[in-house]
Each structure stands twice: as structure tokens, then as C-alpha cells.
Undergrad: 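Here you go, one structure.
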Amino acid sequence: MDSEGTSRRLNERLNSVDHVFDEVKKQASTMCHQETQAERDREKLVEELKKGLDVKLPFPGCLITIHHLTRRPKDIINDLLAGITVTALLIPQSMAYAILSHVPLQYGLYSGMFSLLVYPILGTSRHAGFGPTSPCSIMMGNIVDKYATTDEEKAEVAICITLIVGVVSVLLGLFQMGFLENLLSKSLIGGFLSAVALQVIVDQLLKCVQVPGSGSFLEKLHALLGSIGDYNGMAIGLSALALAMLMIMTWAKERFFPKSLLLQCATLWVTITGIILVMLFDLNETYHVKILGSIPEGIPMPAFPPLTMTRLTHILPSALTVYLMGYVEQTSITKIIANKEKYTMNFSTELLATGLANIAGAFTHGLPAFGSMVRSPIYHVAGARTSFSVFSTGLFIIGSVFLIPKLLQQIPLCMICLLYTSDAADDLLCVDLGGRRIIKKK
């Protein structure tokens, strides 16, 4: 009897243990299933963020960046270094774009501020060198000259074009028109950019030698070749020095230091050299070398663009052309870099991001901004991992107008124009003069 009772009690305990074990297995299985489902949901969301396929996500660019940097926080250093590198290029370059657009210099700087803060929040490209671009600047110069006479009126026309560009891009994005990028002809793009480059070279060479010239391309070329005796010798010397520095640093970077960020900032060292020479030898007063001159300190106060119905009817066709060229340039270069880095872009989302960035730029007195063929590859070469690099560039530009406006005023105009001429020669002749190759060579 005692052995039977002991055996029964033992069996009961074993059954109780089995029951507990079964409950534990059931709960573990349920938890495992829940974790697996949560992991699948997470992977699906991450995949959508990476590909930028869901245009309904509130801030795709921002979410992609946050996800990446939380997993790899050290990459923020790469983004900051890339942002500093592009800032060193964009500060002098944006002022050169303002000259091309025939508006006061500060409007070029304003273009590199708030539009660069808005685009990365929405945009799905991680390397879009957002800001003013050369084809758009050339076209802007022709448009503002046609519809305005004073500097203030020219600035107003330019700001209105920025607003129109932004609104058009937002509308195209809302109607999911991202497929339009597949309809653009590469031969058409290359031909237009070559024509623009020719006009830029002649226009900027006039400023390098400090002789007046206006009108058509042939009239400017005639002014350049027919006024040799009026050239400013010191301005020519500074331009030659800038060209030599660009060529030497480019050669050194390609031959010996291909990953050097210091040599990648060749335009920065040219600009600093020009500032030092002007201040040291008083070149402005002694040799009549033109400098950039007064630049307003601080950031602009937001204001509604002065767009009237009359002005809208006049400039709308031209603004659409500016938008088309900027969109072509941005789409071409960002698509190539995205393919290299193996991530997918949503071009409808890109339209929205570009549009809202330009609307923000219009309310803060900026010029039309797009992804640049010159700056976008520099983000890539400098090691940018996310669009935070573009955001940081905007912050650095804002900081520069507070910290160094007096120094910016001393930059020789001829050296700035030479920098821009070298970019145009890159585009036209396929010469890698600044470590940058244009899209049609890839």
C-alpha cells in the first residue's frame, strides 16, 4: 500500500511538472511568434524606409537618417566631415551663382541656408548637393535682366521664380509624377549643359580681367577679345594663381592623396589665399582689384515673396524652364550615386522634398535650389552616409554669415569667377579640374 501511494503521488507530481512544462512551452511559443511578427513588421518598415517607397510616411528622409545613425552612430562623424567639406565649396560658389543670376551676393548665401535644412527631412537621396546650380543661375540672369532693372527688382523676380519652382514641384509630387525622370533625354541634357558652359566661361572671363561686357554670347566674346588693352594685370595674376592652385592640388590629390579631404577643399584654399593677398597688399585700393564688398550679417527675416498676377504671367514660362533644368541635373546625379550605393529613391517624394525646400527658400530670400552635379559627388567622395550631411551644410552656412562676414567681403571677385569658370570648363571639356566629373562622363 505504501509503495502504491508513493508511486501514485510520484505520478501526480510528474503530471504536474509535465503540465507546467507544456504551459511554459506554449507561452514561449506565443512569445516567439509575437517577437517574430514584430521583427517582420520592423524589417518591413525598415525596408520601406530604405527604399523610400511609401510616399505617405511623414518624414521619409528624416526617418531613414535616424534609423541609420541609431544603428551606426559613428557615421555621424562622416556626415559632419562631408558637410564641412561641401560648405567650404558652397560658400564661395553660392556667391558666384548670385553673380551669374545678376542679384546681390547675399541672395546666393541665403540659397544655401533653409532649403538645405528642409530637403533632408523629406528627400530620399542621401547625397544630394542641394543649393543653387550653374544652368539655373545662367537662366536666372537672363530672366531677371529681362523683367527688372534695379538690384532690388532683380532680387524680387528671382525670389518669385524660386516660389514658382517650389509650387510646381510640390504639385508634381502630389500627383505622383516621379516617372517623368525616365522621359528625359541624356543627349538633350548634355547639349544644353555644354551650351551653358560656353556662355559661363565667356561671362566669367570678362569678370576675371575686369572689362565690361553685356548682351548676347557673341557680343560678350567680342568685348572680351576687343578690350585686351583694358585688362587689369593684377586681376589676371590672381586668376592665374587660382588656376595654378586648383591644378596643382587636383594633381596631388589624384596622384598621391586620393582620399584627402584637405585637397578636396581646393576652392577653400584658393579663397583663403585671395583674402590674405587682398588684406596684406591692399589690392582693392592700390591695384583696383574688385572684391565682393559689403555682405549683410545674419540670416534674413522670412517674408512673403512679392509675386503679383502680372509678374506671374510674365515669368511663369521662364520659371518652368528653370525648374526643368534643375530637376534634370538633380535627378541625373542623385540616381547615379544611389545606384552606386545600392539604395533606392522615390522620385515622387523627391519632387515633394525639392518643392517644399524651394518654398522655404523663397520665404527666406533664396534662389532656386536643386541637387548639383558638382557638389553631390563630393558628398559621396567625402564619405557621407546619410542626408544629415546636407542638413549640417545648411547649419554651417548659417553659422558662417554670423562668424566671418567681414572676411567674405575681402574675397577677390576675379578669383571667385575663375573658380566658376573652371567648373564650366569641367562640364564642357570633360577635364577633371577640381576632382569632379560631370554626369555625362559616367
Undergrad: For the side chain of Ser400 and the backbone of Ile397, is there at least one donor-acceptor N/O pair under 3.5 Å apart?
TA: yes

Undergrad: With a 3.5 Å distance limit and no angle check, can you tell me whether Glu153 reaches the backbone of Thr149 through a side-chain donor-acceptor pair?
TA: yes

Undergrad: For the side chain of Tyr147 and the backbone of Ile315, is there at least one donor-acceptor N/O pair under 3.5 Å apart?
TA: no

Undergrad: For the backbone of Gly129 and the side chain of Ser376, can you confirm whether one donor and one acceptor N or O come within less than 3.5 Å of each other?
TA: yes

Undergrad: Do Val289 and Gln210 make a side-chain contact, defined as non-hydrogen atoms from C-beta onward lying under 4.5 Å apart?
TA: yes

Undergrad: Which pair of heavy atoms, one from Ser372 and one from Ile333, lies closest together, and at what distance?
TA: O-CG2, 3.9 Å

Undergrad: Would you say the side-chain atoms of Ser169 pair up with the backbone N or O of Leu351, donor to acceptor, closer than 3.5 Å?
TA: yes

Undergrad: Do the rings of Tyr323 and Phe370 sit parallel, tilted or perpendicular, given the 30° and 60° boundaries?
TA: tilted

Undergrad: Main chain of Ser387, side chain of Asp79: is a donor-acceptor contact present, judged purely on distance under 3.5 Å?
TA: no

Undergrad: When you look at Leu122 and Leu352, which way does the side-chain contact (heavy atoms from CB on, under 4.5 Å) test go after all the steps?
TA: CA-CA 8 Å; Leu122 297 163; Leu352 282 173; 5.5 Å; no

Undergrad: Taking the side chain from Asn232 and the backbone from Tyr287, do they hold a donor-acceptor pair closer than 3.5 Å?
TA: yes

Undergrad: Consider only side-chain N and O atoms of Tyr379 and Thr393, and report whether a donor and an acceptor are under 3.5 Å apart.
TA: yes

Undergrad: For Phe347 and Thr354: C-alpha separation, side-chain torsions, deciding distance, then whether side-chain contact (heavy atoms from CB on, under 4.5 Å) applies.
TA: CA-CA 10 Å; Phe347 289 99; Thr354 301; over 6 Å; no

